[in-house]
Amino acid sequence: AQSVSQHNHHVILSEAASLELGCNYSYGGTVNLFWYVQYPGQHLQLLLKYFSGDPLVKGIKGFEAEFIKSKFSFNLRKPSVQWSDTAEYFCAVNAGAAGNKLTFGGGTRVLVKP
Amino acid sequence: GAGVSQSPSNKVTEKGKDVELRCDPISGHTALYWYRQSLGQGLEFLIYFQGNSAPDKSGLPSDRFSAERTGGSVSTLTIQRTQQEDSAVYLCASSLGGAGGNYGYTFGSGTRLTVV
């Protein structure tokens, strides 16, 4: 069965710092990859997604993620965070053999101090 | 509707009671998913609907959990004889088309279930 690992459970950083959240998955075939974000008190929202093509994908609010197939990774980055980026971030994978569902990582809580 | 609507937003129930959670997906979205988010945990897949049928119900934790979808729209998740470990946020998502993963999901705000 496919699985998704997010290495950091909690991240605390100051405004203007750079952010990188790790995500690794276990599946050897073709995958579709996603990052979702859940701001405090809000529902989960799609941040960005990768299906094919350029492995560096750009999402909303200045976020980007890089798919490295050889490392089974899809790390999320933002060069300079803002206080409003305080949220929980979830990596998710859809693998063809798994049908239609997404498998989510455990999430990373990010706190940006003003 | 404009988004995925879930009701109730909060539910407190006594151990042993049955509960029903409702999800109203985005109009036209044929795929519907239920997930569970426990405190400090990620999202746990429960069941997937394509139209009114459930090709994947592999995530339902026990036979106390069931779900149905009618008219290709509203879905109800029922938990019978609730236990304290059922306490969680139950999330519903819908997606356009059969290959939901390829389109990504639109999530509802969830139902926070507390079993006391």
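Owing to the predicted nature of the structure, the values given are computational and were not obtained by experimental measurement.
Atom NZ in A:K101 sits 5.0 Å away from atom CZ in B:F45 (nearest 0.5 Å).
Within 6.0 Å of the NE2 atom in A:H9, the count of heavy atoms belonging to other residues, nucleotides or ligands does not exceed 12.
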Item to complete: Any chance you could lay out the side-chain contact (heavy atoms from CB on, under 4.5 Å) test for A:L44 and B:L43, step after step, and finish with the verdict?
Response: CA-CA 11 Å; A:L44 279 154; B:L43 277 74; 3.5 Å; yes
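Of the residues listed (A:F104, A:F90, A:Y36), the one engaging B:Y35 in a ring-ring contact (aromatic ring centres under 6.0 Å, His included) is A:F104, and it is the only one.
Grouped by direct or indirect side-chain proximity (heavy atoms under 4.5 Å, Ile/Leu/Val/Met/Phe/Trp/Tyr only), A:W83 sits alone.
Comparing A:R109, A:Q6, A:H43, A:E88 by heavy-atom pairs within less than 4.5 Å of chain B, the highest count is held by A:H43.
By a heavy-atom distance cut of under 4.5 Å, not one residue of residues 9-17 of chain B is near chain A. For residues 106-116 of chain B, the interface with chain A (any heavy-atom pair closer than 4.5 Å) comprises B:F107, B:G108, B:S109, sorted by residue number. The interface of residues 69-79 of chain B with chain A, defined by heavy-atom distances below 4.5 Å, is empty.
Neither the backbone nor the side chain of A:Q45 comes within contact range of chain B; no heavy atom of the residue lies under 4.5 Å from a heavy atom of that chain.
There is a path of hydrophobic side-chain contacts, each under 4.5 Å, that joins B:I47 to B:L32.
B:Q37 is listed as a side-chain neighbour of A:Q38, based on a closest heavy-atom distance under 4.5 Å. With contacts defined as side-chain heavy-atom distances shorter than 4.5 Å, the pair A:F34/B:Y105 does not qualify.
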